[in-house]
There are 2 protein chains.
Amino acid sequence: MEGKPKQILIADDEPDILEIVSYNLGKEGYEIYTAKDGNEAIERAKQLNPDLIILDIMMPKKTGVEVCQILRSQPQFQDTLIIFLTAMSDEASQIKGLETGADDYVNKPISPKVLVSRVNALFRRVNSKEVGKSIHIGNLTIDPVKFLVVIDQKEVILAKKEFELLHLLASRPGRVFLRNEILSQVWGNDVIVGDRTIDVHIRKVRQKLGIDCITTVKGVGYKFDM
Amino acid sequence: MEGKPKQILIADDEPDILEIVSYNLGKEGYEIYTAKDGNEAIERAKQLNPDLIILDIMMPKKTGVEVCQILRSQPQFQDTLIIFLTAMSDEASQIKGLETGADDYVNKPISPKVLVSRVNALFRRVNSKEVGKSIHIGNLTIDPVKFLVVIDQKEVILAKKEFELLHLLASRPGRVFLRNEILSQVWGNDVIVGDRTIDVHIRKVRQKLGIDCITTVKGVGYKFDM
DNA sequence: ATTTGTGTAAACTTAAGGTTAACATGGAAG
DNA sequence: CTTCCATGTTAACCTTAAGTTTACACAAAT
């Protein structure tokens with residue numbers, strides 16, 4: 001059971017490094033995205049929500065350590081893997097890096113093969129326990145493992161269908177789901193239910209969440225939007 | 001919620017290394033055990049079932065890589081963390097080591113502080129493994145060794161199935177276990193039992209504990225919550 | 001052989017969840 | 001402005017999952 005390809009964001013100001021790392025990890029089947037300074041790294045991380053972020057420490061705008069701290073302070077990136085990449089091989093930096101919340105620390109000059117092995121080792125470890133990944137959007141968290149929705153630190157209990165419906169919509173924020181799609185995804189392809197059934201569940205979700213995050217697209221379907 | 005102290009097994013044939021590593025990790029609150037060759041490492045690993053094993057590569061009897069392969073081939077050690085410690089800093093060894101199933105690879109001469117950071121980073125990432133070790137949640141203690149549940153200083157006797165059921169749920173508080181999962185974990189994959197059997201056992205546990213800590217998620221399963 | 005504890009099954013009750021129908025609303029087209 | 005149609009709203013109703021109780025089989029202990 002091979003999941004979807006893992007997304008990796010690489011931030012470094014040296015184009016050479018970016019290229020060599022992208023090439024070698026891409027060859028392994030990972031989906032690679034790049035950033036060339038600290039601010040861009042943060043920006044891209046927020047829009048991509050990648051599985052792993054590889055950060056050079058010495059970068060313009062913001063250092064890798066700063067980026068790591070900023071990202072780790074947000075719930076969305078609590079579980080994201082982070083590897084530091086750096087020319088500073090002194091042990092103080094390394095310790096500081098790991099204590100900032102990084103998962104690994106690789107010294108330059110990097111060996112592409114070693115980096116690939118370390119990336120693989122990290123994913124091997126994390127994959128074995130991570131079954132359903134939770135969704136974080138703004139102050140909203142959807143956790144399929146705990147079957148729980150948290151909004152502004154407050155837990156909201158949704159019934160099964162309500163949860164599945166919200167989970168579906170929130171899995172692709174902004175994208176419109178046709179009523180048909182919703183029916184087949186949440187209710188299954190065979191069951192036939194009345195026309196108002198979806199509406200009623202949408203209503204319950206809206207009501208329980210208390211915030212307006214589901215938009216109606218008349219004649220088409222619904223979408224999640226914050 | 002601070003768990004039990006993590007157990008670490010360190011295998012190296014140089015007493016100096018053993019001592020310095022033991023001292024530094026011990027200071028961090030880990031419970032340290034040692035072995036001085038490959039065979040002893042395997043033997044102690046089996047009797048201790050530690051959370052982390054640190055293996056020197058060049059050891060008498062069996063090399064660290066061999067020990068790793070042997071342990072990884074057994075289900076008991078599938079999730080156990082393994083770090084290689086070695087004087088061989090060439091990248092081929094490192095790649096081989098990581099691909100054997102190790103989680104990290106640290107070169108000698110080792111810096112105790114760096115090792116400690118890396119150990120901490122690994123445990124930070126993998127907070128989940130606590131099988132066979134007692135669980136403390138609030139005023140509730142579940143001790144699988146003594147087969148005992150203590151709640152508010154009062155011992156509660158649970159039957160085998162009841163105990164296993166509670167232990168499973170409490171091992172991951174908050175997480176929902178599907179009825180299927182419960183069946184396969186507690187009853188085993190092959191046995192087929194009636195639909196109400198789980199309910200009955202849930203009821204007995206709830207009754208005996210006297211506190212409401214098991215939540216029903218209708219249509220999904222059960223979860224432990226305090 | 002009898003007692004005791006444990007696990008499973010069956011029958012029944014309860015309640016949560018899901019669906020529907022009937023009606024309301026609101027915006028766009030004519 | 002009126003009509004039309006898609007969606008919103010509400011409450012009643014139906015369905016199904018879970019809770020409860022009792023009974024019984026079986027094994028271990030006495």
Side-chain angles (χ1 to χ4, degrees), chain A residues 144 147-149 155-169 176-225, chain B residues 142 144 146-149 155-169 176-225:
Chain A
F147 208 85
L148 199 67
V149 175
E155 291 186 4
V156 178
I157 308 296
L158 296 186
K160 189 158 169 272
K161 283 271 189 301
E162 295 161 8
F163 189 88
E164 288 169 358
L165 179 54
L166 175 63
H167 188 257
L168 174 68
L169 295 180
V176 178
F177 288 84
L178 312 180
R179 292 174 90 91
N180 280 337
E181 289 183 278
I182 296 176
L183 276 183
S184 69
Q185 292 284 321
V186 178
W187 274 264
N189 270 308
D190 32 314
V191 289
I192 14 133
V193 289
D195 232 19
R196 300 272 66 71
T197 302
I198 294 181
D199 309 14
V200 172
H201 282 91
I202 289 279
R203 171 173 156 66
K204 286 182 184 164
V205 173
R206 283 176 172 157
Q207 201 168 259
K208 288 193 180 176
L209 289 192
I211 55 172
D212 182 29
C213 58
I214 297 176
T215 309
T216 305
V217 182
K218 258 190 103 143
V220 187
Y222 296 92
K223 66 174 172 176
F224 184 96
D225 255 324
Chain B
I142 302 171
K146 296 181 180 166
F147 207 83
L148 200 65
V149 175
E155 290 187 5
V156 178
I157 309 297
L158 295 185
K160 186 155 167 282
K161 283 274 190 296
E162 295 161 8
F163 188 88
E164 288 169 0
L165 180 54
L166 175 63
H167 186 255
L168 174 68
L169 295 180
V176 175
F177 289 83
L178 312 180
R179 287 175 154 255
N180 282 336
E181 291 182 273
I182 296 176
L183 276 184
S184 68
Q185 294 284 321
V186 178
W187 274 264
N189 268 309
D190 31 315
V191 289
I192 15 133
V193 289
D195 234 17
R196 302 271 65 73
T197 302
I198 294 181
D199 308 14
V200 172
H201 284 88
I202 289 277
R203 172 172 157 67
K204 287 182 184 164
V205 172
R206 294 213 249 234
Q207 205 167 258
K208 287 192 181 177
L209 290 190
I211 55 172
D212 181 29
C213 59
I214 296 175
T215 309
T216 305
V217 182
K218 261 193 104 136
V220 186
Y222 294 92
K223 64 176 170 177
F224 184 96
D225 254 326

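Proteins get letters first, then strands, A, B, ... in listed order; numbering begins at 1 in each.
- Within the structure, every pair that satisfies the side chain to side chain donor-acceptor pair (under 3.5 Å) test and touches residues 204-214 of chain B, not counting sequence neighbours, is listed here: B:Glu162-B:Lys208, B:Arg203-B:Gln207, B:Arg206-B:Thr216.
- Atoms CG and OG1, on A:Asp225 and A:Thr215 in that order, are 4.5 Å from each other to the nearest 0.5 Å.
- In this structure, the NZ atom of A:Lys160 is 11 Å from the C1' atom of C:dG18, given to the nearest Å.
- Atom C1' of nucleotide C:dG17 and atom CZ of A:Phe163 are separated by 16 Å, given to the nearest angstrom.
- Across the protein-nucleic acid pair, A:Asn180 atom CG and D:dA6 atom C1' stand 15 Å apart, rounded to whole Å.
- Separating the CG atom of B:Leu158 from the P atom of C:dG7 is a distance of 10 Å, rounded to the nearest angstrom.
- Taking atom NE2 of A:His201 as the reference point, atom C1' of D:dG8 lies 15 Å away to the nearest angstrom.
- Interatomic distance, CD1 of B:Ile202 versus OG1 of B:Thr197, reported as 12.0 Å (0.5 Å rounding).
- The side chain of A:Thr197 places no N or O atom within less than 4.0 Å of a non-bridging phosphate oxygen (OP1 or OP2) of C:dT19.
- Applying a 4.0 Å cut-off to non-hydrogen atoms, the residues of residues 184-195 of chain A that approach DNA chain C are A:Trp187, A:Val193, A:Gly194, listed by residue number.
- Put simply, CD on B:Glu162 is 7 Å from P on C:dT6, counting in whole angstrom units.
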Query raised in the report: Base, backbone or nothing for each nucleotide of nucleotides 14-30 of chain D, written B, S, -, heavy atoms under 4.0 angstrom, 5' to 3'?
Result: ---BBBBB---------

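- The aromatic rings of A:His201 and A:Trp187 sit perpendicular to each other, their planes meeting at more than 60°, with 30° as the lower class boundary.
- Side-chain contact between B:Phe163 and B:Ile142 is present, with at least one heavy-atom pair separated by less than 4.5 Å.
- Distance A:Ile198 CD1 to D:dT9 P: 16 Å, rounded to the nearest Å.
- A pairwise comparison of heavy atoms in A:Asp195 and A:Arg179 identifies O-NH2, 3.3 Å as the closest pair.
- With a 4.5 Å cut-off on side-chain heavy atoms, B:Leu166 and B:Leu209 count as touching.
- With values rounded to the nearest 0.5 angstrom, B:Ile214 atom CD1 is found 7.5 Å from B:Phe224 atom CZ.
- Nearest heavy-atom pair, A:Phe177 versus A:Leu169, reported as atom, atom and distance to 0.1 Å: CD1-CD2, 3.4 Å.
- Rounded to whole Å, atom P of C:dA16 lies 11 Å from atom NZ of A:Lys208.
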